[in-house]
Amino acid sequence: MTRARGRGHSAPLCDPARGRSMHPYRTHHCAALGAHAVGETVRVSGWVHRKRDHGQLLFIDLRDHFGITQIVFQPETAPFATAERVRLESVLTVTGRVVARAPDAVNPKLATGAIEVACDTIEVLAGADTLPLEVNSERDYPEETRLAFRFLDLRRERMHANVLLRSQVIASIRRRMEDQGFVEFQTPILTASSPEGARDFLVPSRLHPGKFYALPQAPQQYKQLFMMAGFDRYFQIAPCFRDEDARADRSPGEFYQLDLEMSFVEQEDVFQAVEPVIAGVFREFSTKTVDTPFPRIPYREAMLKYGTDKPDLRIDIECAEVGDIFDGSDFKVFAGAVAKGQVVRAIPAPGAVGRPRSFFDGLIAFAQSLGAPGLGYIQFQAGEAKGPVAKFLDAGRLDAIKERCRLGDGDAVFFACDTDAKAAQLAGEVRTRLGAELELIDTSAFRFCWVVDFPMFEWDDEAKAVGFSHNPFSMPQGGLEALETRDPLEIRAWQYDIVCNGVELSSGAIRNHRPDIMVKAFEIAGYDRSVLEERFGGMFKALHYGAPPHGGIAPGIDRIVMLIAGTDNLREVTAFPLNQRAEERVLGAPSPVSDKQLKELNLQLSLTAREALAAERAEHPEAAPAGADGGD
RNA sequence: GGGGGUGUAGCUCAGUCGGUUAGAGCGCUGGCCUGUCACGCCAGAGGCCGCGGGUUCGAGUCCCGUCACUCCCGCCA
């Protein structure tokens, strides 16, 4: 295994002030030694990565953050006996002479493979118990084990690299943002609960009995206040907290955003500022291609062509509406549905002709597993149209489908027939699955896009009323006039998403900086002005004292690093993530607290909570008692 | 809150149609080995088959329940 961590300084780590005495731990790190150092007496410290015991000759691969150096032990010396006993992952300091390896003993796979250190003295700084997971292998371990022993997991090559990558990506983002005139500010971590959005994490107030702080779901309101305070361009690598359930691409509890906001800008100005930062970072840390500018795709078009508002553009398949072609046809199922106002979405399957029957049946079963009644399809082969749907369509209709979906000989096409929203969603799922099964995904590229023109309002079927579809503080396109004169469901917002390879990196918006427009927008969504004043009082008040037009976005740092690292799980790029049940297993969060702490906070536990704690204590009597904090 | 998958040695996994003493690799312990670099060879220890109940002459295997992990829906910008 070749380790290439950090920069390979070859200069000795000697402090001149120490004079001739050797540093107690090391003169070089474990990637620093090479042919140039042959003959020197050196000292290295690190972990026992691997051991090869030949009885009368013993090798230890000593590993530190920077790399690996082979230590060789000769028999019948004191260090030999110590080295034989020592377990993997123990921490050693070795002093010895750098010797050149014989030509046939050089290891080209190791950066330091031309030399080895012949051990004179060895000191075991810290022994290691038998390991719950192997540091020196790529083997997969249960996530439970990895998280409980995260300090070991993080010693492993891949995780160590991912954590470093994350740090480097963030440093690069900071540099790029500052180069563009953005200034980094902090915002409060102890803030107020807001009625919109996700469930809050709450922190009880000692000084205000019965009141709570909330951890910020995002610094949204504060960054807008920075704009109102006259700072032109804000950014922050911002921690965000949301008490919602986990997904593979959504950490429970906490995550980080590149939060940014700009004054006196329109949507396109935000794109111009963000695009070079994102494209630049992806290009810097990946060999995959990044095409700029990112295409701008209206929300309606995304739903029609890709069946989702976060399209994976690596898949070269575009869906099309073909309801009009089935209208009045002999294929009564679709014709009848179209007459009722439903739609038919066509999903091309390039080159799918000749696939076994099981391929088509599999897709139908897939559609049914998503709640669809089924999935029609046609195969075009040798000038003929085949399949259960084709015989009900005349030549004109078949040609129309072929033309609209840009199909040729050897291509197939699937049909999703349902209401607009349901057909779009099904088409999107089928498109993604076809991309994978037909191996149409271009894995050598990051394909970004901006999805724009999201609707401002949407029909809430449960409430039987118009509600906000995204952020209520976004500026409606057309401003006050649009709100006063147009059908609310036709009004679009200056609201946008940035999407990469089907992963939503962020959404953002041009904000509504006009209190009069805000009052009108809330009125349309069924909220009285008083709601605005009571629930968003701080923001609403600030808008009355000269708020500049402003807008921004907040791309997810974790997802960016995840994509660059080429993994599909956020926990692979987070040093100490919470598990699915929002627990941190190394230190044991969340944990019970002492009665004294509860009393100070004016909190009492419910019977349910007390019973749960008692049951847990009965099961794990060894668990640490509450309130045993070491300080520092 | 709901659905799917998984649960066998410290770890990764196999275990046939329900049938005798539950296996392999890695790791661990002991022995041998002077040029390895995933060193090699020999031997050994290590199992509440997640837990509880049921069906059966007989359950790792089938059924019910439950717990844990994980993926998804709900939720979430």
Side-chain angles (χ1 to χ4, degrees), chain A residues 1-2 49-63 68-76 80 84-85 87-89 99 101-110 112-114 116 118 128-149 152 196-200 217-218 220 240-253 255 257 259 309-310 369-371 425 429 451 454 468-474 495-499 503-509 552-556 559 568-569 571 579-581 583 585 615 619:
Chain A
M1 189 187 336
T2 307
H49 187 68
R50 197 164 266 133
K51 242 168 86 171
R52 290 174 295 280
D53 186 350
H54 292 243
Q56 296 304 305
L57 186 67
L58 170 60
F59 300 99
I60 283 181
D61 289 340
L62 198 67
R63 182 198 74 240
I68 287 177
T69 295
Q70 176 167 284
I71 316 294
V72 60
F73 298 82
Q74 295 298 339
E76 288 160 24
F80 187 93
E84 267 199 313
R85 277 198 315 273
R87 269 205 207 90
L88 294 183
E89 292 308 308
V99 296
R101 298 198 198 181
D104 61 338
V106 166
N107 183 357
K109 287 190 283 185
L110 211 58
T112 59
E116 61 197 352
D129 292 345
T130 302
L131 301 171
L133 57 83
E134 293 164 28
V135 173
N136 64 17
S137 92
E138 289 286 300
R139 161 180 299 181
D140 202 20
Y141 284 87
E143 199 152 43
E144 197 181 356
T145 308
R146 294 178 55 196
L147 293 180
F149 293 90
L152 289 178
E196 287 288 316
R199 195 178 295 119
D200 285 316
Q217 296 186 20
Q220 178 66 36
C240 304
F241 306 91
R242 291 174 193 160
D243 189 3
E244 296 294 346
D245 290 338
R247 290 286 182 280
D249 64 351
R250 197 173 82 206
S251 300
F255 61 97
Q257 290 181 340
D259 195 43
D309 59 3
K310 42 182 180 181
S369 76
L370 296 172
Q425 191 189 356
E429 298 282 356
V451 177
F454 279 86
F468 289 115
S469 73
H470 273 75
N471 186 331
F473 300 114
S474 298
Q495 167 97 37
Y496 37 84
D497 279 6
I498 183 167
V499 174
V503 175
E504 182 190 316
L505 285 185
S506 172
S507 51
I553 193 167
R559 286 186 180 174
D568 54 8
N569 191 322
R571 292 184 293 271
N579 66 15
Q580 186 128 0
R581 296 206 311 163
E583 299 163 323
R585 293 292 304 281
E619 207 169 323

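Letters A, B, ... are given to chains in the order of the sequence lines, protein chains preceding strands, and every chain is numbered from 1.
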Does [Y] offer a backbone N or O that forms a donor-acceptor pair with the side chain of [X] under 3.5 Å?
X: A:Asp497; Y: A:Val499; answer: no
X: A:Arg87; Y: A:Asp129; answer: no
X: A:Arg571; Y: A:Asn579; answer: no
X: A:Arg199; Y: A:Asp243; answer: yes

Sticking with atom [atom1], work out how far [N] lies from [M], rounded to a whole angstrom.
N: B:rG65; M: B:rC26; atom1: P; answer: 41 Å
N: B:rG40; M: B:rG4; atom1: P; answer: 45 Å
N: B:rU55; M: B:rC62; atom1: C1'; answer: 8 Å
N: B:rA22; M: B:rU66; atom1: P; answer: 31 Å
N: B:rA45; M: B:rC69; atom1: P; answer: 35 Å
N: B:rG58; M: B:rG53; atom1: P; answer: 16 Å
N: B:rC64; M: B:rU56; atom1: C1'; answer: 16 Å
N: B:rG19; M: B:rU29; atom1: C1'; answer: 35 Å

Under 4.0 Å protein heavy-atom contact, by nucleotide of nucleotides 7-13 of chain B - B base, S sugar-phosphate only: ----BS-

Letter per nucleotide, 5' to 3', of nucleotides 29-36 of chain B [B base touched, S only sugar-phosphate touched, - untouched; heavy atoms, 4.0 Å]: S---BBBB

Heavy atoms only, 4.0 Å cut-off, all strands: where does [X] land among base, sugar-phosphate and nothing?
X: A:Arg146; result: nothing
X: A:Gly113; result: nothing
X: A:Asp200; result: nothing
X: A:Glu143; result: sugar-phosphate
X: A:Arg581; result: sugar-phosphate

Over how many whole Å does the gap from [X] atom [atom1] to [N] atom [atom2] extend?
X: A:Gln257; N: B:rC76; atom1: CD; atom2: C1'; value: 12 Å
X: A:Arg199; N: B:rC75; atom1: CZ; atom2: P; value: 11 Å
X: A:Arg63; N: B:rA38; atom1: CZ; atom2: P; value: 15 Å
X: A:Arg571; N: B:rC69; atom1: CZ; atom2: P; value: 11 Å
X: A:Glu138; N: B:rC26; atom1: CD; atom2: C1'; value: 15 Å
X: A:Asp249; N: B:rU70; atom1: CG; atom2: P; value: 15 Å
X: A:Glu89; N: B:rC26; atom1: CD; atom2: P; value: 19 Å
X: A:Asn107; N: B:rC39; atom1: CG; atom2: C1'; value: 12 Å

Value rounded to 0.5 Å, distance of CG in A:Leu88 from CD in A:Glu134: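 The CG atom of A:Leu88 sits 8.5 Å away from the CD atom of A:Glu134.
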
Spatial distance of atom CG (A:Leu57) from atom CZ (A:Phe59) [nearest 0.5 Å]: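 It comes to 4.0 Å.
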
Side chain to side chain, A:Glu583 and A:Leu147, heavy atoms closer than 4.5 Å: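 Side-chain contact under 4.5 Å: no.
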
Residue pair A:Gln580 / A:Glu143, side-chain heavy-atom distance below 4.5 Å: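 Of all side-chain heavy-atom pairs linking A:Glu143 with A:Gln580, none is under 4.5 Å.
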
Ignoring backbone atoms, establish whether [X] has a side-chain N or O less than 4.0 Å from OP1 or OP2 of [N].
X: A:Arg247; N: B:rC71; answer: no
X: A:Asn136; N: B:rC37; answer: no
X: A:Arg50; N: B:rC39; answer: yes

5'-most by nearest nucleotide on RNA chain B - A:Phe255 or A:Glu583: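 Result of the comparison: A:Glu583.
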
Nearest-nucleotide 5' precedence on RNA chain B, A:Asn471 against A:Arg585: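 Mapping each residue to its closest nucleotide by heavy atoms, the 5'-most match is A:Arg585.
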
Pairing partner of [N] (Watson-Crick or G-U wobble, both distances under 3.5 Å):
N: B:rC37; value: none
N: B:rA24; value: B:rU12
N: B:rG30; value: B:rC42
N: B:rC75; value: none
N: B:rG18; value: none
N: B:rG7; value: B:rC67

Lys/Arg N to Asp/Glu carboxylate O, A:Arg52 vs A:Asp61, below 4.0 Å: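 Between A:Asp61 and A:Arg52 there is a salt bridge, with a charged N closer than 4.0 Å to a carboxylate O.
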
A:Glu89 and its salt bridge (Lys or Arg N to Asp or Glu O under 4.0 Å) partner, picked from A:Arg50, A:Arg63, A:Lys51: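 Option passing the salt bridge (Lys or Arg N to Asp or Glu O under 4.0 Å) with A:Glu89: A:Arg63.
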
Neighbour count above 12 (heavy atom, 6.0 Å) for A:Gln217 CD: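 Check passes, neighbour count above 12.
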
Donor-acceptor pair under 3.5 Å, A:Arg242 side chain vs B:rC75 base: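 Flag unset: no donor-acceptor pair detected.
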
Check against side-chain contact (heavy atoms from CB on, under 4.5 Å), A:Lys310 and A:Val451: CA-CA 8 Å; A:Lys310 42 182 180 181; A:Val451 177; over 6 Å; no

